[in-house]
Amino acid sequence: QSPAQLANALLNDASGNQWALVGSEANVEKLGAIGDGIVDDEDSIQALFNSSSIKHIVMDNAYLFNKTSGGTALLINNTVRITGKGRLIVNMGSTFSGTGINLSAIDCHISGITIDISADVGGSVGIAMNTDVSGLVMEGVEITGERSLTGGLYLAHCIKLSDACIAHNVSITSGCNFHSCNFLMFSSNGFGATGNLAKDWTVTGNHFANSEGGFSYNSDFATSAADTPWRGVTHSSNTHDNMRGSIGTDSCIDITINGNTFRNSNTGDLESAIHLENLGGTVSVTGNTISCIDGGGIKLYPLSSDYSVTG
């Protein structure tokens, strides 16, 4: 079976009959995907995600997306829940960069899947957040550029927020594993004409490793009146291993960094585990364990807030 009309996710069978999806849950294998990691499943899977009537998609196997000419493997423009232990194998090749998932929908829930990107040129992104992605929940999601490690870290960002992104009430929890990349999470806020609107993020109970940079909760008060700083971040009970810098904050309002473990950053670069700069509101950094970090544990730059740093 193969998708006949992507907009409605209609399918044609071998006899020429056309079938419409009934109900709000779908397993990708039952609707055209092969799931062997060898056959390209992009068209079949994209057809499901194009259907606004499908609210829950189950992915349990290995799905190949050949993107050797660049571009995006999977577009998500409708609210959906994704579950399973599936692996999205995205092959970017040696010439072009691209994106694993391009997310432009509110209240999405992504649980258990792996986004595995192979690229031999810099610039690729695991999940790109565009327009309004508020209400996003990620649980037990792995994003990796490990297959690209020969000669460098070519997965530029596990997560990247675009300038136009609105990202309120985002949760990254329950054993997410981001590794083998240049930046774990990069925010464009303050670098573009408008900046993004990010607030009330919870990042807790995850493992992050083998990255040049960590979570960048950055914005810039001075860029323009349209730019809005990050407001409300809780980064707690995570483990950061073998990273050049784990958490960077600049012009963020109300941030809590507590109960995290930072260890084994021996890159020779003078980057601290936690970098705090130009913060507002309430800043609390407590109960973190920091060991073997070349650039030191915590760096404090001018703060305009009430803050506490203990433990």
Side-chain angles (χ1 to χ4, degrees), residues 3 6 28 32-50 57 59 61-78 80 82 84 86-105 108 110 113-133 136 138 141-165 167 172 176-188 191-192 196 208 210-213 215-216:
L6 297 182
V28 292
I34 304 302
D36 62 358
I38 300 173
V39 175
D40 194 325
D41 283 321
E42 180 178 356
D43 288 344
S44 296
I45 292 175
Q46 187 63 64
L48 290 179
F49 282 90
N50 286 345
I57 295 177
M59 308 180 77
N61 294 301
Y63 309 100
L64 178 64
F65 296 78
N66 266 326
K67 305 303 294 184
T68 54
S69 296
T72 296
L74 183 60
L75 295 168
I76 301 179
N77 295 320
N78 300 302
V80 69
I82 307 169
R87 192 174 196 91
L88 281 63
I89 302 171
V90 184
N91 290 336
M92 294 296 181
S94 59
T95 305
F96 298 96
S97 61
T99 300
I101 292 178
N102 193 317
L103 181 63
S104 298
C108 288
I110 306 174
I113 67 168
T114 296
I115 302 169
D116 179 353
I117 294 183
S118 173
D120 294 317
V121 61
S124 291
V125 176
I127 297 179
M129 297 183 178
N130 299 289
T131 64
D132 193 343
V133 299
L136 172 65
M138 297 175 62
V141 173
E142 180 180 2
I143 304 177
T144 175
E146 189 171 15
R147 290 187 299 128
S148 308
L149 284 180
T150 302
L153 296 171
Y154 293 110
L155 176 58
H157 312 290
C158 285
I159 295 175
K160 183 177 181 180
L161 281 70
S162 72
D163 281 341
C165 181
I172 301 173
C176 288
N177 182 9
F178 302 166
H179 61 99
S180 307
C181 62
N182 195 262
F183 266 92
L184 294 175
M185 191 280 295
F186 182 78
S187 164
S188 298
F191 297 111
N196 48 49
F208 308 122
N210 302 326
S211 171
E212 282 287 317
F215 276 76
S216 172

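Here the structure is a predicted model, which is why all the values come from computation and not from measurement.
Put simply, the side chain of Met92 does not reach to within 4.5 Å of the side chain of Leu155, judged on heavy atoms. The shortest side-chain heavy-atom distance between Asn210 and Glu146 does not fall under the 4.5 Å cut-off.
A side chain to side chain contact (heavy atoms under 4.5 Å, CB included) with Ile76 holds for exactly one of Asn78, Val80, Thr72; it is Val80.
Note on ring orientation: taking the six-membered ring where Trp is involved, the planes of Phe178 and Phe215 are parallel (angle under 30°, cut-offs 30° and 60°). Aromatic ring orientation, His157 versus Phe186: parallel (interplanar angle below 30°, classes split at 30° and 60°).
Interatomic distance, Thr114 OG1 to Glu142 CD, rounded to the nearest 0.5 Å: 4.0 Å. Note: Ser118 OG to Ile89 CD1 = 10.5 Å, rounded to the nearest 0.5 Å.
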Could you go through the side-chain contact (heavy atoms from CB on, under 4.5 Å) check for Thr95 and Thr68 one step at a time? CA-CA 7 Å; Thr95 305; Thr68 54; over 6 Å; no
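Proximity of a side-chain donor or acceptor of Ser211 to a complementary backbone N or O of His179 within less than 3.5 Å is not detected. Distance alone, capped at 3.5 Å, is enough to place a donor-acceptor pair between the Ser162 side chain and the Met129 backbone. Side chain of Asp36 to backbone of Val39: a donor-acceptor contact under 3.5 angstrom is found. At least one donor-acceptor pair under 3.5 Å links the side chain of Arg147 to the backbone N or O of Asp116.
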